[in-house]
Engineer: 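Mind having a look at this structure? Questions to follow.
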Amino acid sequence: MLNLITAEIRKLLSRKFLLIITVVLSIMLFVRFFIYCRDLKLFENRDYQKIRAEYQYSEGERDVEQLAEKHSIPAEEIVGIFLILDSQYEYIDQYKDFIDGIPKRADNLRQAVIFSGEKSYAYRSIDKCLNDYAGLKPVTIIPDMDTGIQALSEYDWSYLFVAVVLLMACAILLKDEEDDGILGLAQTTKNGKIPLALIKWVTIILFGSFLSGGIACGRIIIAHYVLGLGDIDRSLQSISSFRNCYFNISVRQWLACIVLFAILVSVVLGTVSLALLTLLKRIAISVAPIAAGIGMGLVFYMTIPINAKMNSLKFINLCALADVGNLFSVYSNVDLFGYPVSVLPTLFVYAGVLFALALSIYLLSFSGVLVVSLPRWRIQRKLRIRGTVSVFSHELYRFLIPGIGTLTLVGYLVFSLNQLDYGKLKLTQRDYIYYTICQDLRGEVGEETLQKLSELEQIYSAQMHQDMDRIYYRDAMEQVTKELNLLLSAKDRGVAVHYISEVVTKGVFESSHHFLLFGFLLAGVLSLSAAPLFSEDWDTGLSGLVRTTKRGRHSVFLCRYSVIFLMYSIGFFGYMIPYIVNWIHRTHLQEWSVPLQSVVGFSMCKGNMSIRGFMILWLCAAWLSGLIYPIVLSALSGVVRKKGTTLTAASAIMAVDFLCSILNFPVLRSIGVSGTYGLMRIVQETGSVAIVYISLIKNVIIFAVIIMLHYKKYSE
Amino acid sequence: MDELTVKNITKKYSKKAAPALKNFDYAFSNGVYGLLGPNGAGKSTLMNIIVGNLAASEGEVFYHGADIRTIGEKYRSILGYMPQQQQLYEGFTIKRFLYYFAALKGLSKKEANERIAELLHIVGLYEFADRHLKTLSGGMKQRVLLAQALLNDPEVLILDEPTAGLDPRERMNIRNYIYSIAEKKTILIATHVISDVEQIAKEVIFLRKGEIVLSGTPEQVAQEIGPFIWEVDVLKEDYRRVNEMYPSNRVAGERDGLVSVKVISEKRPELQEVRSAAVGLEDVYMYLYPNERR
Ligand SMILES: Nc1ncnc2c1ncn2[C@@H]1O[C@H](COP(=O)(O)OP(=O)(O)OP(=O)(O)O)[C@@H](O)[C@H]1O
Ligand SMILES: [Mg+2]
């Protein structure tokens, strides 16, 4: 038995393709989460711990400067930590009131729903709510670092990736090597199939559990190291966003729950995939219900409000199961035929039912008891000599069959949709004050702006009472004044700059590292799936044949490059558009046409360019630069004609290029192809807008030269 | 009228190496041409040059009087080529492979549908159209490649060892089919299997180390070699002795304890009852390429 399972696992691991996808996508998930955490980070966990200790001993009195000196922590950071601590200690009192106030609020609510009668859902919910919280042992709230927990309770999309990988793994395990049909399960012998079915099932479950458990643990570790989780034995209610949680549960248990539920989701997904694949026998047909199910689930889960009448659709849902970490913080009941039922148990039962159903369908159809004959599938199996005579579609097919490209693109689109979630501005108290000042100053910079600033100064200083706010306010004012001075000096040079809040511009203009990383990954993975288009011809020796056909020279060349362009562009714009959409959300439209120097980081730049112009040029340059890799690789494969050498050479080029772009020499950085992704920073550092033009022209030239050389070589 | 003229082609793969093809000069009209020669004689090299895959070091190839390099696409659209190799795209089925090449050859959808169905029947792969190429046997791959060459109903058909690895029945089918279409086409077949071209070839060309050693209609070449082919009947026990004296010989048959041996020799062999013999292409081959390992 164990041997058989090992054999099946080996079968999975021997598929390089599956391994590569798993590894690449996992890395992408982790990198994304890492970046997400780093963006949330406002101060170091250990600084927080030090200040908290001080805070407890000496409540009320706070000499920021002295503390800063004592612990050698920047003053602004201490101010920020104080602010968090204030709100945390405030939350302790507030939580007591919240729990004590439940019965009273329930009474009030009863009055309000009296007309619906005692048999109504609303009435029953009130009773249930009372009971739920009555079971909660008095919990002590311990304030501690909780940003890591906030990060972890964000909606986690990784189960989508697990679903894709599991589906592929299932297809691999079920595929019979002898048959060319996708799932040629011989259903001749009806007995003796169950053990084999179970072995395959266990393999999938193991694989899925390791994968999803690994990802969940990885996320926890990242959150712990980057942000900090605090004392994990404190009650979950210690985190203010989990106020409504009515389970006696510690953070430690909550973390375990996250991992367990991730595994549970993968178990259900794996079993459902197996069931559908054995039942429907074709990947293409089985993917549809899975994708539709997940898609609909996502829409329901994301759009239905928690207390809506139809919230059963929201909560009885696989996509809710994937978000259990967050559900602990929500107090809501599922409206099941007028009866309020707790969300988590319902979900559990739902998962169990789905799982049992899927498992039995799987076992039954595997052993041939349950057979679904798809009428259309029969017809399809009949031989039809039909096909396309478009070179482009054939090349597209060749690009897509290895699957790496396809999956990466899908992954990118999912991730980039994910980016849209961060469209809303999340402001800290300090940033909020700063932002309010900025909003008042928005517009063209001039003498009036200074005047307005001093007016604002008077208004605000009259309003500010709390110590904290005063510090923040002073800080924000300082920053605004500094920025204004920079902008004014740009104005003196004759640039009609506008004042735009840095909070707004940061998202786009300070994201070089995101762009660099994702651009690089996209280019890398795309290169790998683009290279076979040309290199396979040389490897098989079919190039000689292709080249002797009527359209085997320019048409083929053109079509292959078009496929690469198209796929790359989908990935590229899929990733970039969310940034632009976010930016459009946050800015007034007229701010697009103001000079680039209005963005404070660029205020020292020379040259004439609007923000819009800069963005367009930059996008073009970045778009081209990412394309260069797949093209270099394709061209190399046409010249070198050996796969191994091509890959080595291309990896070497990429590695050197990547090194150039992360090293701190502006010249080297801007020479590298991938340097374009970090172009924004380079422009800021060198203060020359011309670099964008140079980079664009350089990329166009590299691009054109490589394609021309390759074409010459190809068509000679 | 000459369809295809090969003018004085020389091909050197590298400066130092001996040329793979030396001053090859030939005119092809409609009909089947057999290209024969041992391994490394330069057959594939010649074919690669004729299809425009390889640039010749010297010389030109003309199609209806025009240099193929200048007419490019027009020439390639009447060309059918079956290369010698066997590796095909991994992820393709037979059908997709053929449609891919139909696309490359610029066939319309309707033409492609009709032509592919027809050719799959001719090469006997109709039922296997949905099979993946990697699951095919060598002979099946060979037939897929042949079907591909015929897709555009080419006027010039270049086949590099088309029957390698085929079973006798398929070999016969394909030979017959080629013969049936040969009237309006120029067909050049490189092969090691003399019987592939013996009965259907209009002319045969023998290559050695990149040079033509003999060419002409099968009758002409047989006549030329005729004086050097002898036949003798010896006792079975004596065959060993004959074999030692005349290494270039072949056993033609055995009857009543007597072995009939064809001996290739410029001079009349010093054996009893030697007579001159009917000459086949196989004898010509043996004469032109004596056993050099001895
Ligand atoms: N790509 C190449 N580079 C260098 N030399 C080559 C190349 N291809 C062929 N040759 C040499 O050219 C000569 C002719 O080779 P060619 O392949 O044309 O022979 P052939 O008659 O087709 O042989 P076979 O019967 O084995 O197919 C050989 O000596 C071979 O070594
Ligand atoms: Mg050859």
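Below, chain A is the first sequence line, B the second, and so on; all start at residue 1.
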Engineer: Between B:Glu73 and A:His554, what is the shortest heavy-atom contact and its length?
Structural biologist: OE1-NE2, 3.8 Å
Engineer: Any donor-acceptor pair under 3.5 Å linking the side-chain atoms of B:Asn8 with those of B:Tyr26?
Structural biologist: no
Engineer: Which bit of B:Tyr89 comes within less than 4.5 Å of chain A, counting heavy atoms only: side chain, backbone, both or neither?
Structural biologist: both
Engineer: Do you know which of A:Leu545, A:Val546, A:Val391 has the most heavy-atom pairs with chain B at a distance under 4.5 angstrom?
Structural biologist: A:Leu545
Engineer: So, B:Lys184 and B:Glu155, do they make that salt bridge, N to O below 4.0 Å?
Structural biologist: no
Engineer: Hey, which of B:Arg76, B:Gln87, B:Lys109 has the most heavy atom pairs under 4.5 Å with chain A?
Structural biologist: B:Arg76
Engineer: Do A:Lys200 and A:Phe366 come close enough that some side-chain heavy atom pair is under 4.5 Å?
Structural biologist: yes
Engineer: Which value, rounded to the nearest 0.5 Å, describes the distance between B:Glu111 atom CD and B:Glu118 atom CD?
Structural biologist: 12.0 Å
Engineer: Tell me, side chain or backbone of B:Leu107 under 4.5 Å from chain A's heavy atoms, or both, or neither?
Structural biologist: backbone
Engineer: Among B:Leu88, B:Ile78, B:Leu79, which has the most heavy-atom pairs under 4.5 Å with chain A?
Structural biologist: B:Leu88
Engineer: Please look at B:Gln148 and chain A and tell me whether the side chain, the backbone, both or neither of the residue comes under 4.5 angstrom of a heavy atom of that chain.
Structural biologist: side chain
Engineer: I'd like to know whether the aromatic ring centres of A:Tyr397 and A:Phe399 sit less than 6.0 Å apart in this structure.
Structural biologist: no
Engineer: Passes ring pair (Phe, Tyr, Trp, His ring centres under 6.0 Å), B:Phe128 versus B:Tyr126? Steps please.
Structural biologist: CA-CA 5 Å; B:Phe128 304 103; B:Tyr126 191 83; over 10 Å; no
Engineer: In terms of the angle between their ring planes, are A:Phe534 and A:Tyr561 parallel, tilted or perpendicular, with boundaries placed at 30° and 60°?
Structural biologist: tilted
Engineer: Using heavy-atom distances under 4.5 Å, tell me whether B:Arg96 contacts chain A through its side chain, its backbone, both, or neither.
Structural biologist: both
Engineer: Using distance alone, with no hydrogens and no angle criterion, decide if B:Ser29 and B:Lys202 have a side-chain donor and acceptor under 3.5 Å apart.
Structural biologist: yes
Engineer: Any side-chain heavy atom of B:Lys185 within less than 4.5 Å of one from B:Asp153?
Structural biologist: yes
Engineer: Counting only non-hydrogen atoms closer than 4.5 Å, can you tell me which residues of residues 40-49 of chain B sit against chain A?
Structural biologist: none
Engineer: Can you tell if the side chain of B:Ile122 reaches within under 4.5 Å of the side chain of B:Asn173, non-hydrogen atoms only?
Structural biologist: no
Engineer: Where on A:Thr548 is there a heavy atom nearer than 4.5 Å to chain B: the side chain, the backbone, both, or neither?
Structural biologist: both
Engineer: Angle class for the B:Tyr75/B:Tyr63 ring planes (parallel below 30°, perpendicular above 60°, tilted otherwise)?
Structural biologist: tilted
Engineer: For B:Ile158, which atoms come within 4.5 Å of any heavy atom of chain A: side chain, backbone, both, or neither?
Structural biologist: neither
Engineer: Which of residues 707-714 of chain A get closer than 4.5 angstrom to chain B, counting heavy atoms alone?
Structural biologist: none
Engineer: Quick one: what part of B:Ala55 sits under 4.5 Å from any heavy atom of chain A, side chain, backbone, both or neither?
Structural biologist: neither
Engineer: Assess, by modelled atom type and distance only, whether the side chains of B:Arg131 and B:Thr135 contain a donor and an acceptor separated by less than 3.5 Å.
Structural biologist: yes
Engineer: Which atoms of B:Leu151 are under 4.5 Å from chain A, going by heavy atoms: the side chain, the backbone, both sets, or neither?
Structural biologist: neither
Engineer: Where does B:Thr93 contact chain A at under 4.5 Å (heavy atoms): side chain, backbone, both or neither?
Structural biologist: neither
Engineer: Where the side chain of B:Arg171 meets the backbone of B:Thr163, is there a donor-acceptor pair that is under 3.5 Å apart?
Structural biologist: yes
Engineer: Determine, for B:Lys7 against B:Asp25, whether the closest basic-nitrogen to carboxylate-oxygen distance falls under 4.0 angstrom.
Structural biologist: no
